[in-house]
Amino acid sequence: MKLKKDKYKLYTPEEIQQIKESSLIVGKTLAEVAKRIAPGVPLMLLDRVAEDFIRASGAEPSFKGYRGFPSTLCVSVNEVVVHGIPGNQILQDGDIVSIDCGVYKNGFHGDYAYTFPVGNVSKDTLLLIERTKQSLYLGIEQAKAGNTTGDIGNAIQRYVESFGYGVVRDLCGHGCGRKLHEFPEVNNFGRPKQGVLLKPGMVICIEPMINRGTYKVKTEPDGWTVRTLDRKPSAHFEHQIALTEKGTEMLSTYEYFEN
Ligand code: MG
Ligand code: MG
């Protein structure tokens, strides 16, 4: 495979700081949502909390209305991989829930995600969460100018497959700035030195979606909800980062809600 043509946007340091502003609102929104996550809570409550907080921050939800998506958050429980629509479903003790949030402000999008345990979660599933998050950081280590998207995907894939997990193939990370989804695609699998060459000025979202069983997934008739084919649980973490002349800068942070 040859390197794909450069079709992606490169951002100035000033633009990157504006993207970071949107990304930090995502973090504060996730913190508001995290406070409410508990057994007995309906998913739509989490969505309302997020939308209210984003609008009170002078921003807009990026996802609501995007290609017709009806909600502020993607809320994906257990075997739902991503793009779950928050409705009447109630969180149960032992569930895991991925919260994916996008924020638009001053012409720029922030986008990232985190998977939370609900009450008492089985050891196997907690390990899935922990290792999925670790795979994201291994991917980020490879995300530097001069490397390729294949270097990122390979680092993620090698790590999680060593535990027998499945790496979702049908969905990927992406560039993110003026538009929510831009080139390049950032797969969570791949080969070193292949894919798109990474350059200073690129802003990308890396988002491993890792299944305890098969990598295969299926989209529900609602056109959004993506489930694992074997109904085993799936975890999802996402960070938004910028590649700069000085190195890789994290635009997103989990510090508002971790521990
Ligand atoms: Mg994303
Ligand atoms: Mg996202």
Side-chain angles (χ1 to χ4, degrees), residues 26 30 33 37 42-44 46-47 50 61-92 94-102 109 111-118 121 124-125 128-129 131-133 135-136 139 149 152-153 156-157 160-161 163-176 179-182 184-190 204-240:
V26 173
L30 291 175
V33 171
I37 290 175
L43 305 190
M44 59 201 305
L46 304 178
D47 198 64
S62 299
F63 299 170
K64 200 166 191 173
Y66 179 82
R67 298 185 181 173
F69 189 77
S71 311
T72 291
L73 300 176
C74 295
V75 181
S76 305
V77 178
N78 298 338
E79 79 277 11
V80 178
V81 179
V82 285
H83 303 166
I85 298 170
N88 290 324
Q89 188 183 340
I90 307 280
L91 287 174
Q92 309 288 330
D95 283 349
I96 62 171
V97 60
S98 144
I99 309 285
D100 194 350
C101 180
H109 292 279
D111 172 20
Y112 63 102
Y114 196 90
T115 298
F116 298 90
V118 182
V121 172
D124 280 354
T125 304
L128 173 72
I129 293 179
R131 290 162 175 169
T132 301
K133 186 164 75 172
S135 78
L136 170 56
T149 53
I152 297 172
I156 293 169
Q157 181 178 23
V160 298
E161 286 187 348
F163 303 107
Y165 298 150
V167 179
V168 174
R169 308 287 202 273
D170 294 359
L171 298 145
C172 60
H174 51 94
C176 181
K179 289 193 189 145
L180 181 60
H181 294 124
E182 297 177 346
E185 293 186 342
V186 184
N187 285 319
N188 299 304
F189 58 94
I204 55 173
C205 293
I206 305 175
E207 50 179 315
M209 291 154 262
I210 307 302
N211 303 343
R212 207 168 78 196
T214 178
Y215 69 87
K216 290 183 183 165
V217 298
K218 181 174 177 287
T219 303
E220 295 291 292
D222 66 16
W224 287 105
T225 310
V226 177
R227 285 180 200 276
T228 56
L229 203 59
D230 59 10
R231 302 275 170 142
K232 288 186 179 166
S234 181
H236 174 219
F237 285 84
E238 178 175 17
H239 266 307
Q240 186 172 20

Q: Go through the structure and list residues passing ring pair (Phe, Tyr, Trp, His ring centres under 6.0 Å) with His239, not counting sequence neighbours.
A: Tyr137, Tyr254

Q: For His181, enumerate each residue passing the ring pair (Phe, Tyr, Trp, His ring centres under 6.0 Å) test, keeping only those at least two apart in sequence or located in another chain.
A: Tyr66, His174

Q: Would you mind reporting whether Ile204 and Pro184 have side-chain heavy atoms less than 4.5 Å apart?
A: yes

**Q.** Qualifying residues under side chain to side chain donor-acceptor pair (under 3.5 Å), relative to Lys64, sequence neighbours excluded
**A.** Glu51

Q) Would you call Glu79-Lys232 a salt bridge at under 4.0 Å N-O? A) no

Q: Could you pull out all residues at least two apart from Tyr165 that satisfy side chain to side chain donor-acceptor pair (under 3.5 Å)?
A: Arg131

Q | Side-chain touch Leu30/Val26, heavy atoms, less than 4.5 angstrom | A | yes

Q: Test side chain to side chain contact (heavy atoms under 4.5 Å, CB included) on Leu128 and Thr132 and set out the steps.
A: CA-CA 6 Å; Leu128 173 72; Thr132 301; 4.0 Å; yes

**Q.** Residues His236, Asp100; criterion side chain to side chain contact (heavy atoms under 4.5 Å, CB included); working and verdict
**A.** CA-CA 9 Å; His236 174 219; Asp100 194 350; 3.4 Å; yes

Q) Step by step, would you call Trp224 with Cys74 a side chain to side chain contact (heavy atoms under 4.5 Å, CB included)? A) CA-CA 10 Å; Trp224 287 105; Cys74 295; over 6 Å; no

**Q.** For Phe237, ring pair (Phe, Tyr, Trp, His ring centres under 6.0 Å) partners two or more places apart
**A.** Tyr114

Q. What pairs with Tyr215 under side chain to side chain contact (heavy atoms under 4.5 Å, CB included), at least two apart in sequence or on another chain?
A. Arg169

Q) Of the non-hydrogen atoms in Val81 and Ser98, which two are nearest, and what is the gap between them? A) O-OG, 4.5 Å

Q) Can you tell me how far the CG atom of Asp222 sits from the CZ atom of Phe69, to the nearest 0.5 Å? A) 8.5 Å

Q: Please answer whether the main-chain N or O of Val168 pairs with a side-chain N or O of Asn188 as donor and acceptor at a distance below 3.5 Å.
A: no

Q | From Ser135 atom OG to Gln157 atom CD, the distance as rounded to the nearest 0.5 Å | A | 11.0 Å

Q) Would a 4.5 Å heavy-atom cut-off, applied to side chains only, mark Glu161 and Val167 as touching? A) yes

Q | side-chain hydrogen bond (donor to acceptor under 3.5 Å, both in side chains) assessment of Thr228 paired with Asn211 | A | CA-CA 7 Å; Thr228 56; Asn211 303 343; 5.7 Å; no

Q: Specify the closest pair of heavy atoms between Thr149 and Glu185, including all atoms of both residues, with the distance to one decimal.
A: CG2-O, 3.8 Å

Q: Work out which heavy atom in His83 is nearest to a heavy atom in Val226; give both atom names and the distance.
A: ND1-CG2, 4.2 Å

Q. Hey, what do you get for CG (Leu46) to OG (Ser71), rounding to the nearest 0.5 Å?
A. 11.0 Å

Q. Hey, what do you get for NZ (Lys133) to CD1 (Ile210), rounding to the nearest 0.5 Å?
A. 14.5 Å

Q.
Can you tell me how far apart CG (Asp95) and CZ (Phe116) are? Round to the nearest 0.5 Å.
A. 14.0 Å

Q) Are the side chain of Asp47 and the backbone N or O of Thr72 linked by a donor-acceptor pair below 3.5 Å? A) yes

Q) With a cut-off of 6.0 Å (strictly less than), are more than 12 heavy atoms of other residues, nucleotides or ligands near CG of Asn88? A) no

Q | side chain to side chain contact (heavy atoms under 4.5 Å, CB included) between Ile156 and Ile206, worked out | A | CA-CA 10 Å; Ile156 293 169; Ile206 305 175; 3.9 Å; yes

Q: May I ask you to decide if Gly190's main-chain N or O and Asn187's side chain share a donor-acceptor pair within less than 3.5 Å?
A: no

(Q) Give me the atom names and distance for the closest heavy-atom approach of Ser62 to Leu180. (A) CB-CD1, 4.1 Å

Q.
Measuring only between side-chain heavy atoms, which start at C-beta, is Ile37 closer than 4.5 Å to Leu91?
A. yes

Q) What's the shortest heavy-atom distance between Pro117 and Ile96, and which atoms? A) CA-CG2, 4.3 Å

(Q) What's the separation between atom OH in Tyr112 and atom CD1 in Ile99, rounded to the nearest 0.5 Å? (A) 13.5 Å

Q.
Do Thr225 and Thr219 make a side-chain contact, defined as non-hydrogen atoms from C-beta onward lying under 4.5 Å apart?
A. no

Q | Arg212 to Thr125 - nearest heavy-atom pair and separation | A | NH1-OG1, 2.9 Å

Q) Do side-chain atoms of Gln240 reach the backbone of His109 as a donor and acceptor pair under 3.5 angstrom? A) yes

